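Notes for the one structure printed next.
Every chain is numbered from 1, with letters handed out A, B, ... down the list of sequences. Heavy atoms only: backbone and side chains are in, while hydrogens, waters and symmetry mates are out. On a predicted model such as this, the values are computed, not experimentally measured, just so you know.
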Protein chains: 2
Amino acid sequence: MSVISGNQIKKKRHRQQLVDATIETVSEFGIAGASVTRIITRAKLSRGMIHLHFDNKEHLLIEAARHMSDVYYAQLETFLRSAGTNASDRLRALISADLSDKILNPKTVNAWFAFRGEARSHNSFAKHSDTRDDALRQMFIQAYRELAKDRNEPDALARDAAHGTIALLEGMWADYLLHPDAFNRNTAKRIVFRFISALFPVNFDTTVN
Amino acid sequence: MSVISGNQIKKKRHRQQLVDATIETVSEFGIAGASVTRIITRAKLSRGMIHLHFDNKEHLLIEAARHMSDVYYAQLETFLRSAGTNASDRLRALISADLSDKILNPKTVNAWFAFRGEARSHNSFAKHSDTRDDALRQMFIQAYRELAKDRNEPDALARDAAHGTIALLEGMWADYLLHPDAFNRNTAKRIVFRFISALFPVNFDTTVN
DNA sequence: AATAAAAATGGACAATCATCCATTTCACGG
DNA sequence: CCGTGAAATGGATGATTGTCCATTTTTATT
C-alpha cells in the first residue's frame, strides 16, 4: 500500500527548499550572516518552518552540510560508473569528479569553506565538513596500490600518493575559492595529473582529456 | 628626538592584546561566535577599547587577519635567511616554514580557516585570508625555474610545479584542521617532498631532514 | 458538505549583539 | 603636588537574533 499523501510530498519539498535556501544563504553571507530571517525569506516559507522540520537552526545547518556531502559522493559514483575498472581510469574519474562543475562551483565551494571555517568551533559541523573523508581516501589507496604493486614499499607509496592527491585537490578548491576569476578547471586538472604522472610515469601521460 | 611616552607604549600593548584576543576568540568560537563581549573579556580590557583603537569590530577583525599574514611571511623570511641560496635549499626552506609549528598550530590554523570561510561573503577579509598569495607564488616559481632550466618548456613546468606545491601545502593545512590528532608534521613534509622529487628527480631525494 | 487532524503562519518574546558616550582614571609637565 | 588633556571604563541603547506558540489555513476522512 504505502500511499504517499499530498502532504508528505509537500513536506518533503519544503524540507528541501529549506536546505537549498540554507546552502545559498551560507554561500552568500557566511555562517555568521545566515540568519533565520534570511534563510526563510529565500526559501519563501514562514518563520516557524525551521522549527517544524528541523527543531532548530543548528539542525538545519547540519542537514545542509550533510546534503552537500551526499551530493559530493553521488557525483563521485556517477563518474566512477562511466569509467573503466582499471586503476588509472578510476583515479581519473575520482579527480575529474572532484573538479567537475557540479560540485566545484561558486555556491558549493563558498558554502563548503564557510562550514569548514566553523568546523573546529562547532563540533557538529566537523563530521560533514570533510568531503574527502576516509571513504574517498580508501578509494585512492586501493587504486594506487594497483599502480604501485611492482615498486619498492608499495603500501607506503600508495598511502603517500593518496594522501598527496587529496591534499592537491583540497588545494585546488582553496585556489578556486580565493581566485575564482583566475581559476581554470583544466589547468587544475592538468597540474594534478602532472604530479601524479611524475610519481607513476608508466601509467599516466601529461595530456588531459 | 621622538621620545616614546609611557602612554604610547601602553596604547600599543593594548592594541596587540586586542588583536591576540581576537585571534584566540575566533580560533575557539569561529567568526560567528567572536562577539565583542568575548573578545574584550579575553583581552581583559574594557568594552570601549575596540571603538577607541579600531573604530569598530570589523576593523579589528581585519587587523587580526593582517597580523596573521604578517607572522606567516616573517616565518618564511626566518627560514629563508638560515637556508642556502640555491633553488632546492630555498624550496626546502619555504616548505619547512609553511609546515613549521610557529604557524601550523591549532590556534593559527583554526583562525585562518575561520577567516577564509567568511572570505567570499565578507570582502574585507579576502585580501588577508590568502596566506599563499602572489608573493609566495613568485618565490616558488623563481626557485622552480632554476630546477627546470634544462627541461622541456621550463617556464610552464616551473609555474605548474609552483601551483601544485602551493596546493599541496594548502591541502596539508586542511588535513591538519580536520584531523588534528592523526596529523603528523613529518609525514606531511615527506609527502610534499616525495611529490616534488618525482617532478625533479635530480634535485631532491626522498629522505627528510 | 461537515468535521477533525495536520501543516503552516507570523507576531511576540527574551536574549544577545555592536555601538555609543557620559563619567572616571591615568600620565605627565610645571 | 597640582592641573590638564588624553586614555580607559562600563552601563545604556536600539537593533537583531533564535525560538516559541496562539491562530489560521490546508488536507484527509466521513
Would you say the side chains of His67(B) and Asp20(B) form a donor-acceptor pair under 3.5 Å? no

Does any donor atom in the side chain of Asp160(A) or His163(A) lie under 3.5 Å from an acceptor atom in the other side chain? no

Side chains of Asp130(B) and His179(A): is there a donor and an acceptor less than 3.5 Å apart? yes

For Phe183(B), what residues pass the ring-ring contact (aromatic ring centres under 6.0 Å, His included) criterion, not counting sequence neighbours? Tyr176(B)

What's the CZ-P distance between Arg13(B) and dA27(C), to the nearest Å? 10 Å

Mind checking whether Phe200(A) and Tyr144(A) have parallel, tilted or perpendicular rings, split at 30° and 60°? parallel

Length of the CD1-C1' vector between Ile39(B) and dT16(C), whole Å: 15 Å

How many Å lie between CD1 on Ile40(A) and P on dT17(D), as a whole number? 11 Å

Heavy-atom distance under 4.5 Å between the side chains of Arg90(B) and Met139(B), does that happen here? no

For nucleotides 17-19 of chain C, print each protein N/O atom paired with a nucleotide N/O atom at under 3.5 Å, atom names and distance only.
| from | atom 1 | to | atom 2 | distance (Å) |
| --- | --- | --- | --- | --- |
| dA18(C) | OP1 | Val36(B) | N | 3.3 |
| dA18(C) | OP1 | Lys57(B) | NZ | 2.5 |
| dA18(C) | OP2 | Val36(B) | N | 2.7 |
| dA18(C) | N7 | Arg47(B) | NH2 | 3.3 |
| dT19(C) | OP2 | Lys57(B) | N | 3.0 |
| dT19(C) | O4 | Arg47(B) | NE | 2.6 |
| dT19(C) | O4 | Arg47(B) | NH2 | 3.4 |

Output yes when at least one side-chain N/O atom of His14(A) is less than 4.0 Å from OP1 or OP2 of dA8(C), else no. yes

Between P of dT24(D) and CG of Leu52(A), the distance in whole Å: 19 Å

Between atom CG in Leu18(A) and atom C1' in dA8(C), what is the gap in whole Å? 12 Å

Once you round it to whole Å, what is the distance between C1' of dA6(C) and NE2 of His53(A)? 12 Å

Met49(A) CE to dC21(D) C1', straight-line distance once rounded to whole Å: 16 Å

